[in-house]
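One-based numbering along the sequence shown.
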Amino acid sequence: MIVPIPVTTVQVNQDNSLFVTTGVDYDNSGTLVGFEITAQYTLNPGDSLEGQPPEVVKIANALWTQEMIDARLAKLAAEAEAKAKVEAEAKAAADAQNAANLVAQMLAN
């Protein structure tokens, strides 16, 4: 009889994120006769662990310190601020170019 056995693997990445793979092994009297990956995803320090397999929760709770979570959140905030600044500068440059084009058109007429 073939029996499905749920499996979870967790890889800890260099940045302390977790690469999670869930799946099902199909066992026939001690012999693996097939497998199926049901999901693969990455969790970062500070991500919600709600609904995660117990193995994932244990590893995350052991690995992710509050300092690590705070550092990741600060990095995300700095990246968002830098992106917003670049976008604002690009918009200002585009607005200035549009204004210059309007002036040029008005002077040409």
Side-chain angles (χ1 to χ4, degrees):
M1 171 181 212
I2 297 176
V3 178
I5 302 170
V7 294
T8 301
T9 61
V10 181
Q11 173 184 319
V12 178
N13 297 317
Q14 188 173 2
D15 64 355
N16 292 310
S17 63
L18 304 178
F19 183 72
V20 181
T21 301
T22 60
V24 179
D25 281 350
Y26 296 99
D27 181 86
N28 186 4
S29 301
T31 303
L32 181 64
V33 295
F35 66 92
E36 174 183 10
I37 294 174
T38 55
Q40 290 185 315
Y41 53 92
T42 300
L43 294 171
N44 291 295
D47 285 352
S48 172
L49 299 175
E50 185 176 334
Q52 294 299 323
E55 301 92 333
V56 174
V57 174
K58 286 178 186 176
I59 293 168
N61 285 336
L63 180 67
W64 296 346
T65 64
Q66 189 60 49
E67 293 81 16
M68 185 184 300
I69 293 168
D70 292 345
R72 177 175 174 267
L73 294 176
K75 179 183 175 196
L76 291 175
E79 288 171 352
E81 185 177 325
K83 181 180 177 185
K85 181 179 178 183
V86 167
E87 290 172 350
E89 289 171 354
K91 184 179 181 325
D95 289 348
Q97 184 62 50
N98 288 340
N101 290 343
L102 278 173
V103 169
Q105 284 177 346
M106 292 170 69
L107 293 174
N109 293 331

Task: Donor-acceptor contact below 3.5 Å, side chain Thr22 vs main chain Thr38 - done: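 The answer is no, because no donor-acceptor pair under 3.5 Å joins these two groups.
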
TODO: Could you tell me whether the side chain of Asn13 and the main chain of Asp15 form a donor-acceptor pair under 3.5 Å?
DONE: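 No, the answer is negative, given that no donor and acceptor are paired below the 3.5 Å cut-off.
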
Task: Sequence neighbours excluded, every pair satisfying side chain to side chain donor-acceptor pair (under 3.5 Å) that has a member inside residues 70-87 - done: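 Non-adjacent pairs meeting side chain to side chain donor-acceptor pair (under 3.5 Å): Gln66-Asp70.
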
Task: side chain to side chain donor-acceptor pair (under 3.5 Å) contacts in which one or both residues fall within residues 88-107, not counting sequence neighbours - done: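 Listed by first then second residue: Lys91-Asp95, Gln97-Asn101.
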
Open item on the list: Going by side-chain hydrogen bond (donor to acceptor under 3.5 Å, both in side chains), name the residues that satisfy it together with Asp27, two or more places apart in sequence or in a different chain.
Closed with: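 Here no residue qualifies.
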
Open item on the list: Could you list the cluster mates of Ile2? Members are the ILVMFWY residues connected by side-chain heavy atoms closer than 4.5 Å, either directly or through other members.
Closed with: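 Via sub-4.5 Å side-chain contacts, Ile2 links to Val24, Tyr26, Val33.
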
Open item on the list: According to a hydrophobic-cluster definition based on side-chain heavy atoms being under 4.5 Å apart (Ile, Leu, Val, Met, Phe, Trp, Tyr only), do Val7 and Ile37 belong together?
Closed with: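 Result: no, two separate clusters.
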
Task: Residue pair Pro4 / Pro6: nearest heavy atoms and the distance that separates them - done: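 Heavy-atom minimum between the residues: O-CD, 4.0 Å.
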
Task: Nearest non-hydrogen partners of Ile69 and Gly46, listed with the distance - done: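 Residues Ile69 and Gly46, closest heavy atoms: CG1-N, 3.6 Å.
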
What donor-acceptor contacts under 3.5 angstrom involve side-chain atoms of residues 48-64, with partners at least two apart or in another chain?
from	atom 1	to	atom 2	distance (Å)
Ser48	OG	Glu50	N	3.1
Gln52	OE1	Tyr41	OH	2.6
Asn61	ND2	Val57	O	3.3
Trp64	NE1	Asn16	O	2.8

Task: Pairing residues for Thr9 by the side-chain contact (heavy atoms from CB on, under 4.5 Å) criterion, not counting sequence neighbours - done: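 Partners of Thr9 under the side-chain contact (heavy atoms from CB on, under 4.5 Å) test: Thr21.
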
